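Since the model is a prediction, treat every value here as computed from it, not as a measurement.
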Amino acid sequence: MTSPMLHRLIEERLRTAVAAQLPEAPLASVQVRPCPEPKFGDYQANALMALAKARQMNPRRLAEAVLKDLDVTELCESVEVAGPGFLNFRLRTAAVGRAVGEAAGGAHLFYARSAAPRTVVVDFSSPNVAKPMHVGHIRSTILGDCLARVLRCLGHRVITDNHLGDWGTQFGKLLVGWKHHQDPAALATDPIGEMERLYKQVNTACERDPAMLEQARQELVKLQQGDAQNLALWREMIALSQRQFDTIYGRLGVRFDHTLGESFYNPRLPAVVQALVERGLARPSEGALVAFFETLPDLKDHPAIIQKSDGAANYTTTDLATLAYRQETWQPDEIVYVTDGRQQLHFKQLFAIFRQWRPETRLRLAHVWFGAILGEDGRPFKTRAGDTIRLADLLDEAEDRALRVVSEKSPDLPEAERREIARVVGLGALKYADLLPNRQSDYVFNWDKMLALNGNTAPYLQYAYARIRSIFRKLPDPAPGAAPATLELAAPEELRLAKHLLTFGLVLEAVAEEYRPNYLCNYLYELAGHFTGFYENCPVLKAPEPARGSRLALCALTAGVLRQGLDLLGIQTLEKM
RNA sequence: GCGCGAGUAGCUCAACUGGAUAGAGCGUCGGCCUCCGGAGCCGAAGGUUGUGGGUUCGACCCCCGCCUCGCGUACCA
C-alpha cells in the first residue's frame, strides 16, 4: 500500500469506484488534487460533477453512489460529498506520519518515476556563431535546462540538443570582414567582440555600397560550394564561438547531449525539398517553392517558403530536416522547442508541414514559448546606451551585486567564501527570476527584487535551506539515530508541513506536463512558508522525544525537497550563507 | 486587415483538467528580539479580474462583441 504519493492511492481507488458505477466512463479525468482551502479537506475530486453532467445525472447522487463503493478508511479519516458534488478527502494523521516516515527512511522523496517513460528531445538555447550570447538567450537556456532536468528526474529519457545558428547569409559578410578588416590582436583577446565588430562594419558598408554586398555574396557562394579557405575560416569562427558558449554554459551549469547546428543538416536539405514537392506539399510560387495550408484556417493566409527563389533553403526547411533527423535517430515520443513567442507562426507551419509529410507519426510536438524581458521602462531590456546586454556581463553583475549583499550581511566570512556564496546566490537569483513568472508573460527585470532576501526569490529559498542545515550542525551527536518509521505530527504546523511535502511529486508532474517551472517555484516558496510556521512554533532540538526525532526528520525532509527542487531549477544550495 | 498573446491590489506577479471566500512579495500602517540563523516572523488596509453580453450548479479561465498595448504576418532566423 505504500507509495510516494498518497493522492495517487486515493485516486486509484476512486477510479475503481467510479468504474463500478459508470463502466464506460473515461477514468483519466478522475483526478485527486489538493484542496484550495484546508477547511474543505486535504484532497478533492471534482470530476464526478463533469461526469454527471455529461450523463444528465444528479451530481450529488452520483457522488454518494461512488462513495459507497469507495474504501479509503486506512488513508482518510473522512470522505464527504460537498456543495454541488465535490468529493473531499481528509487524510488520517497516522497515514501522513507513515508516508513521511517512509521518506525519512529513504524510501522516496515524495515523487515517483513515471510508469510510462517517454523519450523527449529538448531543443533550447540555440545561440548564433560569431555573436555574443545576450540577454535574449537566457530564458530559452534556463527554461530548457530546467524542463530537461524535471523530465529526467521523472524517469524520462531526455536528449538535449543545442541547435546552433552556425550557417546562413551572415557568413558572407563575416568572411569579407575577416579577410580584409581583421584586427589580430583584438581577435586574440576578445574573439567574439571582434567578430561582432567585423560583421557590423561590413553590414553597414553593404547598405550603401552595392559592390561590397556583391563581394559578401561571392564569399557566401564560395563557402556554400565548399571553398577550402572559406570553410576553414568558418570552422575557426565556430570553434571560437563554441569556447564562449562552453564558458557560459559552464557558469550556468547547463549541458547538452548534442550540439548539432544548422549546418549539420545542409546535406539533407535537397531531399527534404524534393520529398515535399513530390508529395504535393509544396509548389512553385513567385519563383520560390512554397507550402500552402488551404485546409487550415489558422495558416490559410500564411504560406511557408521552403526554398527561396535563389535556390537556397531557409529555416523552415532546415527545421524540417532537423525534425526528420531527430525522429529517425532517436525515435522520440516528444520534441520540445523552447523559443520566444515571436516564433509561434513558424512552429505552427513547421508542425503542420511535418504532420502532412509524415502523417503516420505519433510524435508529440510542443512549442514552449516565452515572453520578453523588459527594462524598468517597459521597453525591451537594454543597456543605458541602448545596446544589447551580453549574457557574460549579466552573470558578472549578478555575482557582483550578490557579493555586495553578502559582504554587507556577513563581513566576517573570508573573501573566498563570500565569493563562492555570491556566485551561487547571484546566479540562483538570476535563474529564479526567469523561472518564477508564467513563461508566457513578459516580465520586468529588477536586480533588487531578484536578490532580495524576502519574498519569492532564490536567496530566500537558499536561506531557508541554510537555516535548516544549521540546525543539524548544532546536534550534539553528529550522526543521529534512524528517523522514526512513523512520525508524530501532533502540532498543526507539523501536520501542515508534512502534508505539503506529500504534494511535491504532483507539482513536478504538472511542471513536466505543462512545461511550466513556475509551479515548482511557487511550491518551494510555499514549502519555505510552511517550514517557517513550523520552525517558529515547534522547537526542534529542545523538544522531548518522540517529538524531537519527528521534527528532525521533518527538517531533514524539508531541506531535502528544497535542495532537490532548487536543483531541478538549476539552482545550487549552500550550507552557510 | 488578419493571426497570436497580454490586460488581475498603488507597483511587480500568481491562481494546478471550469470548482468552493482571486493569492503572494514590494510599498503603506501596526505589532514581535531572555527563544534552534532578525538575511526573520505576525497582523491590517488594499479588487466590479480592461469592458459589454452569453454558456454553466459554478467563469480570471470557455463562447461572441468592443477598448488598449505588444508581437507576428512569402524569400532573416
Engineer: Quick one: which of B/U17, B/G37, B/C57 gets closest to the side chain of A/Arg467?
Structural biologist: B/G37
Engineer: Nearest whole Å is fine: how far is B/C69 C1' from A/Leu374 CG?
Structural biologist: 12 Å
Engineer: Sort out the partner of B/G52 for me: Watson-Crick or G-U wobble, both distances under 3.5 Å, none otherwise.
Structural biologist: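 Base partner found: B/C64.
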Engineer: What does A/Lys53 touch in the nucleic acid at a heavy-atom separation under 4.0 angstrom: a base, only the sugar-phosphate, or nothing?
Structural biologist: base
Engineer: How many whole angstroms separate atom CD of A/Gln31 from atom P of B/G18?
Structural biologist: 10 Å
Engineer: When all nucleic acid strands are considered with a 4.0 Å heavy-atom cut-off, which category describes A/Asp166: base, sugar-phosphate, or nothing?
Structural biologist: nothing
Engineer: Using a heavy-atom cut-off of under 4.0 Å over every strand shown, decide if A/Ser441 touches base, sugar-phosphate, or nothing.
Structural biologist: sugar-phosphate
Engineer: The side chain of A/Lys542 lies closest to which of these nucleotides: B/C75, B/A14, B/C35?
Structural biologist: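 Ranking B/C75, B/A14, B/C35 by closest atom to the A/Lys542 side chain puts B/C35 first.
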Engineer: Would you classify A/Asp448 as touching base, sugar-phosphate or nothing, given that sugar-phosphate means primed atoms plus P, OP1 and OP2, and contacts are heavy atoms under 4.0 Å?
Structural biologist: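 Here A/Asp448 touches no strand at all.
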Engineer: Before giving the answer on side chain to side chain donor-acceptor pair (under 3.5 Å), spell out for A/Arg418 and A/Ser407 the whole-Å C-alpha distance, their side-chain angles and the decisive distance to 0.1 Å.
Structural biologist: CA-CA 7 Å; A/Arg418 276 186 280 130; A/Ser407 298; 2.9 Å; yes
Engineer: For a quick check of understanding: with a heavy-atom distance under 4.0 Å over all strands, which category does A/Tyr443 fall into, base, sugar-phosphate or nothing?
Structural biologist: sugar-phosphate
Engineer: Nearest whole Å is fine: how far is B/U17 C1' from A/Asn46 CG?
Structural biologist: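 One finds 8 Å between C1' of B/U17 and CG of A/Asn46, rounded.
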Engineer: Side chain of A/Phe40: nearest nucleotide among B/A20, B/G19, B/G72?
Structural biologist: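 Of the options given, the side chain of A/Phe40 lies nearest B/A20.
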Engineer: Are any of A/Thr532's side-chain N or O atoms less than 4.0 Å away from OP1 or OP2 of B/C42?
Structural biologist: no
Engineer: Less than 4.0 angstrom between a side-chain N/O of A/Asn518 and OP1 or OP2 of B/A15, yes or no?
Structural biologist: yes
Engineer: Under 4.0 angstrom, heavy atoms only, what part of the nucleic acid is A/Ala312 near: base, sugar-phosphate, or nothing?
Structural biologist: nothing
Engineer: For atom C1', what is the distance between B/C63 and B/A24, given to the nearest Å?
Structural biologist: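 32 Å, rounded to whole Å.
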Engineer: Rounding to a whole Å, what distance do you find between A/Arg342:CZ and B/A77:C1'?
Structural biologist: 10 Å
Engineer: From NE2 of A/His302 over to P of B/G1, roughly how many Å is that when rounded to an integer?
Structural biologist: 14 Å
Engineer: Are A/His163 and A/Tyr265 close enough that their ring centers fall under 6.0 Å?
Structural biologist: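 When the ring centroids of A/His163 and A/Tyr265 are compared, they turn out to be within the sub-6.0 Å range.
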Engineer: Give a yes or no on whether a salt bridge exists between A/Arg33 and A/Glu11, defined as a side-chain N under 4.0 angstrom from a carboxylate O.
Structural biologist: yes
Engineer: Within less than 4.0 Å of OP1 or OP2 of B/C41, is there a side-chain N or O belonging to A/Tyr460?
Structural biologist: yes
Engineer: For A/Glu286, which contact category applies under a 4.0 Å heavy-atom criterion: base, sugar-phosphate, or nothing?
Structural biologist: base
Engineer: What is the separation between atom CD on A/Gln349 and atom C1' on B/G3, rounded to the nearest whole Å?
Structural biologist: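 Roughly 11 Å, once rounded to whole Å.
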Engineer: Would you say B/G37 has OP1 or OP2 under 4.0 Å from some side-chain N or O of A/Lys474?
Structural biologist: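 It does, given that an N or O in the side chain of A/Lys474 lies less than 4.0 Å from OP1 or OP2 of B/G37.
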Engineer: Across the strands shown, which category fits A/Val444 at heavy-atom distances under 4.0 angstrom: base, sugar-phosphate, nothing?
Structural biologist: sugar-phosphate
Engineer: OP1, OP2 of B/C36 versus side-chain N and O of A/Arg548: anything below 4.0 Å?
Structural biologist: no
Engineer: Tell me whether the side-chain N or O atoms of A/Gln343 pair up with the base of B/A77 as donor and acceptor below 3.5 Å, since no angle test is needed here.
Structural biologist: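 Such a pair does not exist between side chain and base.
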Engineer: Sub-3.5 Å donor-acceptor pair from the side chain of A/Arg469 to the main-chain atoms of A/Glu575, do we have one?
Structural biologist: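 No, A/Arg469 side chain to A/Glu575 backbone: no donor-acceptor pair under 3.5 Å.
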Engineer: What orientation do A/Phe504 and A/Tyr111 show, parallel under 30°, tilted 30 to 60°, or perpendicular over 60°?
Structural biologist: perpendicular
Engineer: Kindly point out which of B/A39, B/A20, B/A74 is positioned nearest to the side chain of A/Lys409?
Structural biologist: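 Looking only at side-chain atoms, A/Lys409 lies closest to B/A39.
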Engineer: Establish, with yes or no, whether the OP1 or OP2 oxygen of B/G3 is under 4.0 angstrom from a side-chain nitrogen or oxygen of A/Lys300.
Structural biologist: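 For B/G3, neither OP1 nor OP2 has a side-chain N or O of A/Lys300 closer than 4.0 Å.
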Engineer: So what's B/A9 paired with, Watson-Crick or G-U wobble, going by both distances under 3.5 Å?
Structural biologist: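 Base-paired to nothing in any strand shown.
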Engineer: Which nucleotide in the set B/C41, B/A20, B/C75 lies at the smallest distance from any side-chain heavy atom of A/Glu536?
Structural biologist: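 The answer is B/C41.
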Engineer: On a whole-Å scale, what distance lies between the P atoms belonging to B/C60 and B/G7?
Structural biologist: 14 Å
Engineer: Can you tell me which nucleotide in B/C71, B/A24, B/A14 comes closest to the side chain of A/Pro437?
Structural biologist: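 Looking only at side-chain atoms, A/Pro437 lies closest to B/A14.
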Engineer: Between the main-chain N or O of A/Trp369 and the side-chain N or O of A/His367, is there a donor-acceptor pair closer than 3.5 Å?
Structural biologist: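 Judged by distance alone, no pair lies under 3.5 Å.
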Engineer: How about A/Tyr523 and A/His500: are their ring centres within less than 6.0 Å of each other?
Structural biologist: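 Centroid distance A/Tyr523-A/His500: below 6.0 Å, so yes.
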Engineer: How long is the line joining CG of A/Asp442 and C1' of B/U8, in whole Å?
Structural biologist: 16 Å
Engineer: Find the partner of B/A22: check Watson-Crick (N1-N3 plus N6-O4 or O6-N4) and G-U wobble (N1-O2, O6-N3) distances, both under 3.5 Å, and reply none if neither fits.
Structural biologist: none
Engineer: Could you check which of B/G40, B/G19, B/C36 has an atom nearest any side-chain atom of A/Tyr535?
Structural biologist: B/C36
Engineer: Searching all strands shown, indicate the nucleotide that pairs with B/C41 (Watson-Crick or G-U wobble; both distances under 3.5 Å).
Structural biologist: B/G31
Engineer: Counting heavy atoms from C-beta on, name the nucleotide in B/U73, B/G37, B/A14 closest to the side chain of A/Leu345.
Structural biologist: B/U73
Engineer: Of the listed nucleotides (B/A20, B/C75, B/G40), which one gets closest to any side-chain atom of A/Pro36?
Structural biologist: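 Out of B/A20, B/C75, B/G40, the nucleotide with an atom closest to A/Pro36's side chain is B/A20.
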Engineer: How far does the C1' atom of B/C41 sit from the matching atom of B/C35, given to the nearest Å?
Structural biologist: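 Nearest-Å result for B/C41 against B/C35 at atom C1': 13 Å.
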Engineer: Under 4.0 Å, counting only non-hydrogen atoms across every strand here, what does A/Asn454 touch: a base, just sugar-phosphate, or nothing?
Structural biologist: sugar-phosphate
Engineer: May I ask you to evaluate whether A/Arg516 reaches the phosphate of B/A15, defined as a side-chain N or O under 4.0 Å from OP1 or OP2?
Structural biologist: yes
Engineer: For the pair made of CG in A/Asn203 and P in B/C76, what is the distance, rounded to whole Å?
Structural biologist: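 For the pair A/Asn203 CG and B/C76 P, the rounded distance is 13 Å.
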Engineer: Among B/A74, B/G19, B/G37, find the nucleotide with the atom closest to the side chain of A/Val290.
Structural biologist: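 That would be B/A74.
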Engineer: May I ask you to check whether A/Tyr443 and A/Phe381 place their ring centres under 6.0 Å from each other?
Structural biologist: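 No; A/Tyr443 has its ring centre 6.0 Å or more from that of A/Phe381.
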